[in-house]
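First the structure, in the form of structure tokens, and then the observations on it.
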Amino acid sequence: MKTLFLLLLFALVSVPGSFRAKVIGVNSGDSIVVLLDDNTQLRVRLEGIDCPELQQEYGDSAKQATVALCFKKNVRIEKVGEDMYGRTLAFVYVDDLCVNKELLRLGLAWHYADFNNDTTLAQLELEARKNKAGLWKQSNPMAPWEFRRKKK
């Protein structure tokens, strides 16, 4: 019985969920820091997208867009998991606006299809490409995962 209780408790702790927090930092277009109600800080990686690295063209634009969308604002975090760096993977909402989707719509992120199969995110990227929004104005933008691979 004790084992069953511990298994259920562990399942509850690791289950994705929704909670509110205040954005207190923006590390990059797709990475923020939030302050929880108990005054602990939590690193959050925006699920399903990959913004240009800060050293890439449009990297700073993506970060500034994220700042404009959510810095110092109360947000709703829809946790879907954790990444290999221990960051919470989540969709982040300011009221009804999904920051992840907005960055795609603005052409400041790629859909991170290797780690996410959301067709809505894929469609938002395709529309941004078609409209030549943001980084899609470039003739041949380099995906951030390719940029990171080249840096190694």
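For the numbers below, each heavy atom of this structure counts, side chains included, while hydrogens, waters and symmetry mates do not. Start at 1 with the first residue, then count along the sequence. Just so you know, these numbers come straight off a predicted model, no measurement behind them.
Side chains of V92 and L46 form a contact here, defined as non-hydrogen atoms less than 4.5 Å apart. You'll find the side chain of K101 reaches within 4.5 Å of the side chain of T120, heavy atoms only. Inter-residue side-chain proximity for P141 and Y58 is flagged as unmet; no heavy-atom pair is nearer than 4.5 Å. Taking the side chain as every heavy atom from C-beta outward, H111 and Q123 never approach each other to under 4.5 Å. Here the side chains of F147 and D50 are not in contact, with every heavy-atom distance at 4.5 Å or above.
Of the possible polar contacts, one joining the R45 side chain to the I49 backbone as a donor-acceptor pair under 3.5 Å is found. Side chain of E82 to backbone of T88: no donor-acceptor contact under 3.5 angstrom is found. Side-chain atoms of N116 come within 3.5 Å of backbone atoms of D118 as a donor-acceptor pair (strictly under, hydrogens ignored). A donor-acceptor pair is defined here as one N or O able to donate and one able to accept, closer than 3.5 Å; no such pair exists between the side chain of D95 and the backbone of L97. In this structure, the side chain of Q138 engages the main chain of L135 through a donor-acceptor pair within 3.5 Å.
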Begin with the C-alpha distance, continue with both residues' side-chain angles, and end with the deciding distance and a verdict on salt bridge (Lys or Arg N to Asp or Glu O under 4.0 Å) for E53 and R148.
CA-CA 8 Å; E53 295 295 317; R148 290 189 294 269; 2.5 Å; yes
- [ ] Evaluate the criterion side-chain contact (heavy atoms from CB on, under 4.5 Å) for residue pair V34 and I77; output intermediate values, then yes/no.
- [x] CA-CA 9 Å; V34 299; I77 307 289; 4.2 Å; yes
Apply the test salt bridge (Lys or Arg N to Asp or Glu O under 4.0 Å) to residues K150 and E146: give CA-CA distance (whole Å), side-chain angles for both, the deciding distance (0.1 Å), then the verdict.
-> CA-CA 6 Å; K150 281 189 171 195; E146 292 172 7; over 6 Å; no
side-chain contact (heavy atoms from CB on, under 4.5 Å) between V75 and R20, intermediate numbers included:
CA-CA 6 Å; V75 296; R20 300 198 71 73; over 6 Å; no
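Rounding to the nearest 0.5 Å gives a distance of 9.5 Å between CZ of R105 and CG of N131. L126 contributes atom CG, which lies 10.5 Å from atom OG1 of T119 (distance to the nearest 0.5 angstrom). Here CG of L103 is found 6.0 Å from CG of L69. Values are rounded to the nearest 0.5 Å. Atoms SG and NZ, on C70 and K22 in that order, are 12.0 Å from each other to the nearest 0.5 Å. Atom SG of residue C51 and atom CD of residue Q56 lie 10.0 Å apart, to the nearest 0.5 angstrom. Taking CD from E102 and OG1 from T66, the interatomic distance works out to 10.0 Å, rounded to the nearest 0.5 Å.
A continuous path of ILVMFWY side-chain contacts below 4.5 Å connects I32 to F19, so both sit in one hydrophobic cluster. Tracing side-chain contacts under 4.5 Å through hydrophobic residues (I, L, V, M, F, W, Y), one reaches L36 starting from V44; they form part of the same cluster. Under a hydrophobic-cluster definition in which Ile, Leu, Val, Met, Phe, Trp and Tyr are linked whenever side-chain heavy atoms come within less than 4.5 Å, directly or via other members, M142 and L104 are assigned to different clusters. The cluster map of Ile, Leu, Val, Met, Phe, Trp and Tyr, joined by side-chain heavy atoms under 4.5 Å apart, puts V94 and V23 in the same cluster. Residues V99 and I24 fall into different hydrophobic clusters, defined by Ile, Leu, Val, Met, Phe, Trp and Tyr side chains chained together at heavy-atom separations under 4.5 Å.
Surrounding NZ of K132 are at most 12 heavy atoms belonging to other residues, nucleotides or ligands under 6.0 Å away. Environment of CG in D38: crowded, with over 12 heavy atoms of neighbouring residues, nucleotides or ligands closer than 6.0 Å.
Using cut-offs of 30° and 60° for the angle between ring planes, the W145 and W110 rings count as perpendicular. A tilted orientation is assigned to the rings of F91 and Y93, their planes being inclined by 30° to 60°.
Remark: the E78 side chain and the S18 side chain contain an N/O donor-acceptor pair separated by less than 3.5 Å. In this model, no donor atom of one side chain and acceptor atom of the other lie less than 3.5 Å apart for E47 and N100.
Remark: E127 does not engage K130 in a salt bridge, criterion side-chain N to carboxylate O under 4.0 Å.
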